[in-house]
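Lettering follows sequence order; numbering is per chain, from 1. The figures that follow rest on heavy atoms only: side chains count, while hydrogens, waters and symmetry mates do not.
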Amino acid sequence: MLQIAAIREHKDAYATALKKRNLDALPMLEEAISIDEQRRSIQAQLDETRAKSNSLSKEIGMLFKSGKGAEANELKAQTKELKVKEEELKNASNEAIEKLQTLLYNIPNIPQDSVPAGNSDEDNEVVSQHGDIPQLHENAQPHWELVKKYDIIDFELGTKITGAGFPVYKNKGARLQRALINYFLDKNTAAGYTEMQVPHLVNEASGYGTGQLPDKEGQMYHVGIDDLYLIPTAEVPITNLYRGDLLEAKDLPIAMTGYTPCFRREAGSYGSDVRGLNRLHQFDKVEILRIEHPDHSDAALDAMVVHVKNILEELQLPYRILRLCGGDLGFTSTLTYDFEVYSTAQEKWLEVSSVSNFKTFQSNRLKLRFRNSEGKTELAHTLNGSSLALPRILAGILENYQTENGIRIPDALVPYCGFDTID
RNA sequence: GGAGAAGUGGCAGAGUGGUCGAAUGCACUGGUCUUGAAAACCAGCGAAGGUAACACUUCCAGGGGUUCGAAUCCCUUCUUCUCCGCCA
């Protein structure tokens with residue numbers, strides 16, 4: 001959520017930047033400013049009314065104390081009128097706050113200068129491409145065939161016990177999955193990220209804190225009886241650990257990593273995009289998150305990109321880095337780099353990581369602040385990225401590392417797996 | 001799940017209807033003193049809105065109510081602790 005004070009100050013620049021999202025935001029921004037002005041004027045009247053009634057109350061108290069009950073009762077009568085006015089102003093104020101809130105919830109974050117304009121994922125900018133695309137043998141297969149062949153993932157079993165999009169990992173498939181989680185976590189902790197294990201269900205306040213609620217309610221599974229949500233990403237519980245906190249500047253940066261399953265309802269997709277491991281209702285992901293001083297968040301994002309790069313290099317997977325265009329940029333982000341691994345058998349790029357700088361967009365909702373060098377409170381910046389999402393990495397490994405005689409395991413993973421081939 | 005107790009500033013802990021945003025201690029910040037440090041002493045020290053700056057307003061777990069006036073009384077939700085039960 002944008003800060004109203006910032007909108008007031010940068011209205012035109014914001015409107016210009018939001019054009020990159022194909023959004024003509026100027027009317028919304030102006031409306032927000034106007035509602036806020038109303039709100040402040042109502043608040044001023046309300047404050048004044050309250051001040052009057054507070055001072056009357058004090059007077060009444062003193063009169064009673066000194067035994068002048070009759071005079072006190074006279075003053076009491078005067079408070080009646082004030083109370084009515086107070087009630088009216090309070091209602092008007094609440095209404096304005098609610099209107100402003102609703103409006104602000106619907107304005108996306110401001111894209112950074114480097115974000116290219118564009119409508120869809122086709123307009124994303126390819127920043128760089130790395131690694132060679134392997135030449136596969138003639139009978140190379142997509143991963144959904146390979147997993148059957150080697151009996152390492154069973155989609156039908158998952159359907160039987162739960163439903164479509166909930167695969168069951170078996171044998172070496174299960175072990176490889178576990179190996180990847182450990183490997184990613186080790187890489188992240190070695191880079192200074194503190195490992196956290198967090199609940200997989202969160203309350204409503206957490207959903208609001210990171211922006212899944214109120215608008216993206218349908219994305220999450222909701223446990224109605226306890227009013228809890230299954231997390232769509234570790235970002236939700238881990239970022240919310242710091243909800244409402246006031247940090248000291250010396251506490252920054254805070255760097256955390258965590259493995260969690262992720263649950264997504266993801267309605268409305270079809271075809272090869274959702275085949276096999278490409279899109280699931282439950283999948284595993286290791287996430288990295290940072291809480292940064294505003295002066296350092298840009299550099300931190302670059303460092304996160306380098307970190308994810310290093311992992312993909314070590315796994316020797318062909319990948320490319322995209323800078324998302326305005327049209328594809330997430331609602332809460334100012335700048336996002338996507339990492340895609342090439343799926344040789346499917347002949348397409350699969351998104352395996354998304355690394356974003358949210359600046360103050362989340363921290364404003366979270367009320368996550370720090371005390372700056374002037375002793376004033378200031379919103380911190382939040383960033384996060386996947387390092388990495390498991391299913392598509394798994395798909396990439398299975399397809400790119402397949403041979404006639406089995407699937408090789410990338411060298412870096414062999415110690416974690418305890419085997420070097422799936423056959 | 002049952003019974004009881006409690007939730008106050010970074011922490012500890014007073015405050016039970018009136019000038020309380022809240023005593024006191026610790027922590028923290030600045031200063032005096034000291035060769036330096038410690039100790040001691042002096043001063044400051046919650047957040048949000050609002051203002052040019054003041055003023056002013058709001059916040060004592062969350063929500064609602066009683067009252068001219070609520071940290072204090074009532075209702076309700078949540079959380080924590082103790083005892084009992086159950087249990088990986």
Side-chain angles (χ1 to χ4, degrees), chain A residues 1-9 32-101 103-104 197-209 213-214 222-229 237 240-252 254 291 360 362-380:
Chain A
M1 186 167 64
L2 296 174
Q3 298 165 85
I4 186 67
I7 293 177
R8 235 185 286 153
E9 201 174 329
I33 291 170
S34 132
I35 295 172
D36 184 53
E37 267 163 18
Q38 286 171 38
R39 195 216 96 222
R40 277 148 72 204
S41 134
I42 293 165
Q43 187 67 45
Q45 293 174 57
L46 178 59
D47 287 357
E48 201 188 322
T49 313
R50 278 178 170 158
K52 270 188 206 156
S53 97
N54 282 346
S55 74
L56 268 181
S57 290
K58 273 181 192 167
E59 237 177 286
I60 292 168
M62 284 191 286
L63 287 172
F64 271 125
K65 250 191 184 167
S66 51
K68 297 173 182 165
E71 286 177 49
N73 283 321
E74 253 171 64
L75 284 185
K76 266 198 199 182
Q78 289 185 33
T79 62
K80 289 248 158 59
E81 198 182 322
L82 284 173
K83 283 201 87 176
V84 174
K85 196 172 167 194
E86 213 177 304
E87 184 72 23
E88 278 170 15
L89 288 166
K90 182 74 200 152
N91 289 338
S93 162
N94 284 342
E95 203 180 306
I97 289 169
E98 206 170 299
K99 250 165 88 182
L100 183 61
Q101 185 99 319
L103 190 58
L104 290 179
Q197 277 193 29
V198 291
H200 301 161
L201 287 101
V202 293
N203 55 29
E204 197 179 41
S206 295
Y208 275 95
L213 298 175
H222 182 225
V223 182
I225 194 168
D226 295 304
D227 200 15
L228 295 172
Y229 294 86
N240 272 285
L241 294 173
Y242 284 89
R243 168 155 44 89
D245 283 8
L246 176 54
L247 303 166
E248 296 301 326
K250 66 174 163 55
D251 298 330
L252 302 175
I254 291 168
I291 299 169
T360 59
Q362 286 186 329
S363 56
N364 189 32
R365 276 202 193 180
L366 290 161
K367 300 268 180 296
L368 167 48
R369 298 153 302 159
F370 72 101
R371 207 181 293 282
N372 65 23
S373 54
E374 289 165 6
K376 295 236 169 77
T377 61
E378 190 178 338
L379 294 174

Could you go step by step and tell me if Thr79(A) and Ser53(A) meet the side-chain contact (heavy atoms from CB on, under 4.5 Å) rule?
CA-CA 6 Å; Thr79(A) 62; Ser53(A) 97; 5.5 Å; no
When all nucleic acid strands are considered with a 4.0 Å heavy-atom cut-off, which category describes Ser57(A): base, sugar-phosphate, or nothing?
base
Taking atom C1' in both rC86(B) and rA3(B), what distance in whole Å separates the two?
16 Å
Interatomic distance at P, rC73(B) relative to rU8(B), whole Å:
15 Å
Spacing of Asp245(A) atom CG relative to rC11(B) atom C1', expressed in whole Å:
15 Å
Span that lies between the P atom of rU57(B) and that of rA22(B), in whole angstrom
13 Å
If only side-chain N and O atoms of Asn54(A) are considered, is one of them under 4.0 Å from the OP1 or OP2 phosphate oxygen of rU57(B)?
yes
Report the C-alpha separation of Met1(A) and Thr360(A) in whole Å, then their side-chain angles, then the decisive distance to 0.1 Å, and conclude whether the side-chain contact (heavy atoms from CB on, under 4.5 Å) test is met.
CA-CA 8 Å; Met1(A) 186 167 64; Thr360(A) 59; over 6 Å; no
In whole angstrom, give me the gap between the C1' atoms of rC20(B) and rU58(B).
15 Å
Using Watson-Crick or G-U wobble geometry with both distances below 3.5 Å, tell me the partner of rU34(B), or none.
none
Once you round it to whole Å, what is the distance between P of rA55(B) and CD of Gln45(A)?
21 Å
Base paired to rG1(B) (Watson-Crick or G-U; both N/O distances under 3.5 angstrom):
rC84(B)
Identified pairing partner of rG7(B), criterion: Watson-Crick or G-U wobble below 3.5 Å:
rC78(B)
Watson-Crick or G-U wobble partner for rA43(B), using a 3.5 Å limit on both distances?
rU29(B)
Taking atom P in both rU19(B) and rA70(B), what distance in whole Å separates the two?
11 Å
Quick check on RNA chain B: between Leu246(A) and Lys58(A), whose nearest nucleotide comes earlier from the 5' end?
Lys58(A)
Check this one for me: any side-chain N or O of Arg371(A) less than 4.0 Å away from OP1 or OP2 of rA47(B)?
yes
Please state how far atom CD in Glu87(A) lies from atom C1' in rG64(B), giving the value in whole angstrom units.
13 Å
Apply side-chain contact (heavy atoms from CB on, under 4.5 Å) to Leu228(A) and Asn203(A), showing your working.
CA-CA 5 Å; Leu228(A) 295 172; Asn203(A) 55 29; 4.0 Å; yes
OP1 or OP2 of rA48(B) versus the side-chain N and O atoms of Arg369(A): is any pair under 4.0 Å?
yes
More than 12 foreign heavy atoms under 6.0 Å from CD of Gln3(A): is that the case here?
yes
Using the C1' atoms only, state how far rC74(B) lies from rC83(B), rounded to an integer number of Å.
28 Å
Sidechain-backbone polar pair: Asp251(A) side chain, Glu248(A) backbone, donor-acceptor under 3.5 Å:
yes
Using the C1' atom as the reference point in each nucleotide, state the distance between rG18(B) and rC33(B) in Å, no decimals.
45 Å
Tell me whether the OP1 or OP2 atom of rU57(B) has a side-chain N or O from Arg50(A) closer than 4.0 Å.
no
Using purine N1 to pyrimidine N3 plus N6-O4 or O6-N4 for Watson-Crick, or N1-O2 and O6-N3 for G-U wobble, both under 3.5 Å, which nucleotide pairs with rG18(B)?
rC68(B)
Taking only side-chain nitrogens and oxygens of Arg39(A), does any of them come within less than 4.0 Å of OP1 or OP2 of rG49(B)?
no
Shortest side-chain distance from Gln43(A), nucleotide among rU57(B), rG18(B), rA47(B)
rU57(B)
Measure the distance from NZ on Lys376(A) to C1' on rU29(B) and round it to the nearest whole Å.
16 Å
Starting at CG of Asp227(A) and ending at C1' of rU79(B), how long is that distance when rounded to a whole Å?
16 Å
Donor-acceptor contact present, side-chain Arg50(A) to main-chain Glu86(A), <3.5 Å:
no
Could you check whether Ile60(A) gets within reach of a base, just the sugar-phosphate, or nothing at all, counting any heavy atom under 4.0 Å?
base
Do Glu87(A) and Lys90(A) touch side chain to side chain, with heavy atoms closer than 4.5 Å?
no
Return no unless some side-chain N or O of Thr377(A) is found under 4.0 Å from OP1 or OP2 of rA47(B).
no
rG69(B), OP1 or OP2 - any side-chain N/O from Lys83(A) closer than 4.0 Å?
yes
P atom, rA37(B) versus rU29(B): distance in rounded Å?
14 Å
In terms of the nearest nucleotide of RNA chain B, which residue is placed more toward the 5' end: Ala51(A) or Asp36(A)?
Asp36(A)
Rounding to an integer number of Å, can you tell me how far Asn94(A) CG sits from rG49(B) C1'?
14 Å
Without decimals, in angstroms, what is the distance between Glu86(A) CD and rC56(B) C1'?
13 Å
What is the distance, rounded to the nearest whole Å, between atom NZ of Lys367(A) and atom C1' of rG49(B)?
11 Å
